[in-house]
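Within every chain, numbering begins at 1; the chains are lettered A, B, ... in the order of the sequence lines, protein sequences first and strands thereafter.
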Amino acid sequence: MPELPEVERARTAIERAGLNRKIAEVDDTDTWVCRPHPPGEIADALRGRRLVSAHRQGKTMWCETSGQGRSRTPGPTLGVHLGMSGRIVITQRGGTPTEGGDRLTGPYANAQDDPNRKAIWDRFTIAFGDGGSLALFDKRRLARVRLDPDLSRLGPDAQRVDRSDFVERVARGVAPVKARLLDQSVIAGVGNLLADETLWQAKISPRRPAGELSRTELNRLYRSLQNSTQAAIEHGGVHTGEIIEFRGVGRHCPRCGTEMTVAGVGGRTTWWCPQEQN
DNA sequence: AACAATGTTCAGTC
DNA sequence: GGACTGAACATTGT
């Protein structure tokens, strides 16, 4: 699931329900998700502190932490990347399910109250002193947790980049424009579904070489990206986009009725309308 | 059983 | 070195 809109919602959930609660214990024993930190390293760094703010650039999130005890010196930054399927689940005092957090829905709804969920799919957990917790739930296990994450290779956030910066960065090279949009060092936050949605809205073929787009097309692409991103955040995620339900064999373009085309572009399965997207 | 999956990274080629 | 492509990564769902 997680592209920029889902990560933004997770960040908001942390901001609303996960801050300023004392960290009593941390389970960082999944050495794959927490690599390269050895078990206990993240726990030792966080125990006794509090998360004090939640930030995001593209699909990368991080929390700043408080000093310990009377110390005014801030703690380390806790970086979280949701990977392909990670979600943040926050519980309140006494473990009440996810009030204010990201309630599990859709195919994972069953896992919400599954007693085995924690043991099997919670890859990283912070236990707060009040009895609640913040967990990284991730079936696919491609999520990442790390201290003081390196953000230097991320481009500007797709939601905050201004138009001239966007145009200058995207309109380069001979690679397909979709590949350019997916490159996190160019613009951070666009994933496979949001890219298809944006290109469909802008009526631009995903295969067009990025450097050959006209000024008009680039402006349209920028607008479409802003619109589809904002809509996805408000409506609950990229899966709420218009084009998403038209990914599938025999499906038709919701605007013109032409049968959708599928092919690999930029290394990902890509759907587009061959009639309108040129 | 084989393949795709909303993610990143790294090896290899030009 | 930069630009670009494709495979690998761990696991699940179809």
Side-chain angles (χ1 to χ4, degrees), chain A residues 1-10 30-36 56-61 79-88 102 104-111 114 116-117 119-124 136-146 149-155 158 169-200 206-212 225 228-229 231-233 235-249 262-271:
Chain A
M1 301 181 339
E3 297 187 32
L4 187 157
E6 286 79 10
V7 180
E8 174 58 18
R9 288 174 72 88
D30 189 316
T31 54
W32 178 256
V33 168
C34 297
R35 74 189 186 286
R56 179 189 63 73
Q57 184 169 340
K59 303 167 193 168
T60 299
M61 258 187 309
V80 178
H81 194 297
L82 300 178
M84 189 86 90
S85 60
R87 308 193 49 166
I88 296 296
D102 182 11
L104 294 175
T105 56
Y108 298 156
N110 291 347
D114 186 339
N116 293 321
R117 172 179 67 83
I120 302 176
W121 294 310
D122 280 1
R123 311 297 185 176
F124 175 83
L136 169 61
F137 168 84
D138 180 25
K139 284 193 169 185
R140 299 275 195 290
R141 213 185 179 199
L142 287 171
R144 293 282 277 278
V145 174
R146 51 176 39 167
D150 174 23
L151 308 172
S152 65
R153 282 168 310 214
L154 285 181
R169 287 175 155 273
V170 172
R172 293 182 179 199
V174 296
V177 58
K178 177 169 178 181
R180 198 82 187 143
L181 288 174
L182 291 175
D183 186 338
Q184 303 298 298
S185 68
V186 175
I187 298 291
V190 180
N192 196 33
L193 273 50
L194 192 56
D196 280 4
E197 176 79 24
T198 297
L199 288 162
W200 178 74
R207 283 175 158 161
R208 286 281 297 288
E212 293 179 13
L225 176 58
S228 51
T229 301
I233 293 173
H235 299 154
V238 286
H239 62 281
T240 62
E242 287 187 69
I243 199 62
I244 302 311
E245 60 178 299
F246 295 94
R247 294 169 70 92
V249 179
V262 62
V265 181
R268 313 300 299 259
T269 298
T270 302
W271 293 88

Nearest listed nucleotide, side chain of [X], among [options]:
| X | options | answer |
| --- | --- | --- |
| A/Arg153 | C/dT12, B/dG7, B/dT9 | B/dT9 |
| A/Arg140 | B/dT6, B/dT8, C/dT12 | C/dT12 |
| A/Leu142 | C/dG13, B/dT6, B/dG7 | B/dG7 |
| A/Arg141 | C/dA10, B/dT6, C/dT12 | C/dA10 |

Just call it for [X]: base, sugar-phosphate, or nothing, with non-hydrogen atoms closer than 4.0 Å on any strand.
| X | value |
| --- | --- |
| A/Gly267 | nothing |
| A/His239 | nothing |
| A/Arg268 | base |

Quick one: does A/Lys178's side chain get under 4.5 Å of A/Arg207's, heavy atoms only?
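When only atoms from C-beta onward are counted, A/Arg207 and A/Lys178 do not touch, as no gap falls below 4.5 Å.
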Taking [atom1] from [X] and [atom2] from [N], how many angstroms apart are they, rounded to a whole number?
| X | N | atom1 | atom2 | value |
| --- | --- | --- | --- | --- |
| A/Arg146 | B/dT9 | CZ | P | 8 Å |
| A/Leu181 | B/dT8 | CG | P | 14 Å |
| A/Arg9 | B/dT6 | CZ | C1' | 15 Å |
| A/Trp271 | B/dA5 | CH2 | P | 9 Å |
| A/Glu3 | B/dT8 | CD | C1' | 14 Å |

Apply side-chain contact (heavy atoms from CB on, under 4.5 Å) to residues A/Val262 and A/Thr270 and explain how you reach the verdict.
CA-CA 5 Å; A/Val262 62; A/Thr270 302; over 6 Å; no
Between A/Asp196 and A/Arg268, is the closest basic N to carboxylate O distance under 4.0 Å?
no
Any [X] side-chain N or O less than 4.0 Å from OP1/OP2 of [N]:
| X | N | answer |
| --- | --- | --- |
| A/Trp32 | C/dT11 | no |
| A/Gln184 | B/dG7 | no |
| A/Lys59 | B/dG7 | yes |
| A/Thr269 | B/dA5 | yes |

So does A/Ala143 get a backbone contact from the side chain of A/Arg141, meaning a donor-acceptor N/O pair under 3.5 Å?
no
Using only atom types and a distance under 3.5 Å, with no angle test, would you say the side chain of A/Glu6 pairs donor to acceptor with the backbone of A/Glu3?
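Yes, because the side chain of A/Glu6 sits within donor-acceptor range (under 3.5 Å) of the backbone of A/Glu3.
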How far, in whole Å, is C/dA10 from B/dA11 if one measures between their P atoms?
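Taking atom P in both B/dA11 and C/dA10, they lie 15 Å apart.
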When the P atoms of B/dC3 and C/dA7 are considered, how many whole Å apart are they?
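It comes out at 13 Å once rounded to the nearest Å.
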Let's test this: given Watson-Crick or G-U wobble pairing with both distances under 3.5 Å, identify the partner of C/dA10.
none
